[in-house]
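For reference, the structure is listed below as structure tokens.
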Number of protein chains: 2
Amino acid sequence: MEVPALSRRDRERLLRRTAILDAARAVFAEKGYEQATLDEVAERAEFGKGTLYNYFPDGKEDLFFTLFEEVVVGGLGGVIAEAFPDPEALATPGGTRAAFRGLIEGLLTHFENHRDAMMIFMKEGHRMALSPDRNETAARHWLGIVDAVQRPIEAAVRNGALRALPTRPIAHLLMGNVRGVIMAHLDAECAPSGTPEPLPFGSAAETAEFITTILFDGLLPRD
Amino acid sequence: MEVPALSRRDRERLLRRTAILDAARAVFAEKGYEQATLDEVAERAEFGKGTLYNYFPDGKEDLFFTLFEEVVVGGLGGVIAEAFPDPEALATPGGTRAAFRGLIEGLLTHFENHRDAMMIFMKEGHRMALSPDRNETAARHWLGIVDAVQRPIEAAVRNGALRALPTRPIAHLLMGNVRGVIMAHLDAECAPSGTPEPLPFGSAAETAEFITTILFDGLLPRD
DNA sequence: TCGCCAAGTGACCGAAGAGTCACCTTGTGA
DNA sequence: TCACAAGGTGACTCTTCGGTCACTTGGCGA
């Protein structure tokens, strides 16, 4: 691995850019896009507001979309890609189940480790996708994630490892499941009495098993 | 049924209130809470802005939360209640499956017939639930829906008609499934080429069957 | 017919926040 | 040591929008 050919100036510039993105991540995650202010991002990053415009010339939107693309979507894309290293796994029902269990666990672990990014995804993902003025870029990113999930589903269906059902809705549905469970988690967290009911979420692995069981085996008792 | 004991004045007042709520519904559905303006609501309702404050003294929040409570949550609550008229149905796997299939179909039909209200739910539901300053009222409403779905699940699990899995996450997951499928629907609708792939959504009934199959029977081919 | 009151109205106000720019700081090379 | 360039700074401007209130209107009872 070559030492990156960056001058000290470029390295420092990159560092500052990252610091700004980090601050923005925290603020957007807490407040949501509309309620977040550039003053707060600047303050948290310990820069003047004007500096933000040196790095993100188009201001708030620029900052947010860059963040969404690089951090939120990029992170999820990486998790999805990692879950399907071997196309052979999708040849059998068992292999498919294991692969998707891995994906779900990966997504949940990612949520634990990158909570800010996931909060942005939870809060702003659907709003962005449904906006009437939905930015082409935003739409592409959103659909990119669904695409990435759909592809292995399609492969598995082709192989007879999954029921022959329309794959794109399944992809949306899988993302909806993960979203639902994260909501359940946050719901319990915010609940007045702490945990109203012991949840199955001692770990990402247990939770992933829970979702996988329902998704692959169904809610009905197997006879 | 008695004719409601309302004076003409009260009836007209109620009518105007409804007109304002209708306009607000359209505007909030299209723009989302933050981007919606009271000027636009007033214009669409053909009232002056000041009039809005006669009916919703606390302004934008008041209008939105009233709308959310009465129209969005109220509508969903009605659909959920309708789906479980007979507790006996939850005694067997087959009855349970049929009842939840009815619920899902009801939710999807409700989406078709009350698209504005559902768009508000889709866009603002999670953001509201996750807000750091989450209004107690908002939280109660959100949780109320989940509660209403959880209750029959609990009954079915008690009866052995469903696997013994934690019920609250299942409730969240079911709502996530419906949300996911609606996203798939809207995604296809917005897609540049119209419908990139024929979706299973010729009707709410077919779509409900799709979700029910996955949720109850699972994705794996039954042996 | 007159007067009163309930109710609608929209010009106006103030707060908030995105975006700008003249100024200043720092570091570098001559 | 000096001059210059690169780049950070935050006070300022301008727009938008939620909320207010003095005025108008219209209907009803005396």
Side-chain angles (χ1 to χ4, degrees), chain A residues 6-68 124 128 131-133 135, chain B residues 6-68 124 127-128 131-133 135 138:
Chain A
L6 288 177
S7 64
R8 184 179 59 76
R9 183 162 276 161
D10 284 343
R11 261 180 288 125
E12 285 179 351
R13 187 172 173 80
L14 198 59
L15 234 59
R16 285 191 215 101
R17 183 178 185 277
T18 306
I20 292 171
L21 281 175
D22 281 346
R25 186 166 43 74
V27 175
F28 282 125
E30 186 186 338
K31 302 286 177 68
Y33 178 75
E34 297 289 351
Q35 289 293 324
T37 70
L38 291 187
D39 285 298
E40 190 172 345
V41 173
E43 190 189 6
R44 194 184 277 249
E46 296 181 283
F47 286 106
K49 182 157 61 156
T51 306
L52 266 51
Y53 285 82
N54 284 342
Y55 292 86
F56 303 93
D58 291 340
K60 194 178 184 184
E61 272 207 358
D62 194 359
L63 182 53
F64 180 76
F65 281 119
T66 304
L67 182 67
F68 198 79
E124 307 298 331
M128 276 174 63
S131 243
D133 59 338
N135 194 305
Chain B
L6 289 178
S7 64
R8 186 180 59 76
R9 180 162 277 160
D10 283 344
R11 260 180 288 125
E12 284 179 353
R13 187 173 173 79
L14 197 58
L15 233 59
R16 285 193 214 99
R17 183 177 186 278
T18 306
I20 292 172
L21 280 176
D22 282 344
R25 185 166 43 74
V27 175
F28 282 126
E30 186 187 336
K31 302 287 177 68
Y33 178 76
E34 297 288 349
Q35 288 294 323
T37 70
L38 291 188
D39 284 299
E40 191 173 344
V41 173
E43 191 189 7
R44 193 184 276 249
E46 297 181 281
F47 285 107
K49 182 157 62 157
T51 306
L52 268 50
Y53 286 82
N54 283 341
Y55 291 85
F56 303 94
D58 292 339
K60 193 178 185 183
E61 272 207 357
D62 193 359
L63 182 53
F64 180 77
F65 281 119
T66 303
L67 182 67
F68 197 79
E124 306 299 331
R127 201 184 51 71
M128 276 173 62
S131 244
D133 58 339
N135 193 306

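Below, chain A is the first sequence line, B the second, and so on; all start at residue 1.
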Where along nucleotides 23-30 of chain D does protein come under 4.0 Å, by heavy atom, of base (B) or sugar-phosphate alone (S), with - for untouched nucleotides?
----SS--
What are the two closest non-hydrogen atoms of [X] and [Y], and how far apart are they?
X     : Y     : value
B:F56 : B:D62 : C-OD2, 3.3 Å
A:T66 : A:L21 : CG2-CD2, 4.4 Å
B:L38 : B:L52 : O-CD2, 3.8 Å
A:I20 : A:A45 : CA-CB, 4.2 Å
A:V27 : A:A36 : CG1-CB, 3.7 Å

By a strict heavy-atom criterion of less than 4.0 Å, which residues belonging to residues 40-53 of chain B are in contact with DNA chain C?
B:F47, B:G48, B:K49, B:G50, B:T51
Residues of residues 12-25 of chain A with any non-hydrogen atom less than 4.0 angstrom from an atom of DNA chain C: list those, numerically ordered, please.
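Listed by number, there are none.
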May I have the distance from [X] (atom [atom1]) to [N] (atom [atom2]), rounded to whole angstrom?
X     : N      : atom1 : atom2 : result
B:L63 : D:dC17 : CG    : P     : 16 Å
B:D62 : D:dG18 : CG    : P     : 14 Å
A:Q35 : C:dA15 : CD    : C1'   : 14 Å
B:L38 : D:dT16 : CG    : P     : 16 Å
A:D58 : C:dT20 : CG    : C1'   : 14 Å
B:E61 : D:dC17 : CD    : P     : 17 Å

State whether B:R127 and B:E124 are salt-bridged, where the test is any N-O pair (Lys NZ or Arg NE/NH1/NH2 against Asp/Glu carboxylate O) under 4.0 Å.
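The answer is yes: the pair qualifies as a salt bridge.
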Sidechain N-carboxylate O distance under 4.0 Å for B:R25, B:D22:
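So B:R25 pairs with B:D22 through a salt bridge.
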Side-chain donor-acceptor contact under 3.5 Å, B:E34 with A:Q35
yes
Give me the ring orientation class for A:F28 and A:F64: parallel if the planes are under 30° apart, tilted from 30 to 60°, perpendicular past 60°.
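Because their plane-to-plane angle is over 60°, the rings of A:F28 and A:F64 count as perpendicular.
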Could you tell me whether the phosphate oxygens of D:dG8, OP1 or OP2, come under 4.0 Å of any side-chain nitrogen or oxygen in A:N54?
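Affirmative; the distance criterion is met.
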Which residue is it: B:K31, B:K49, B:R44? I am looking for the one with a salt bridge (charged side-chain N to carboxylate O under 4.0 Å, His left out) to B:D39.
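Answer to the salt bridge (charged side-chain N to carboxylate O under 4.0 Å, His left out) test with B:D39 among B:K31, B:K49, B:R44: B:K49.
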What is the nucleic acid contact for A:Y55, judged by heavy atoms within less than 4.0 Å: base, sugar-phosphate only, or nothing?
sugar-phosphate
If you count heavy atoms of other groups shown closer than 6.0 angstrom to CD of B:E43, is the number above 12?
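12 or below, so no.
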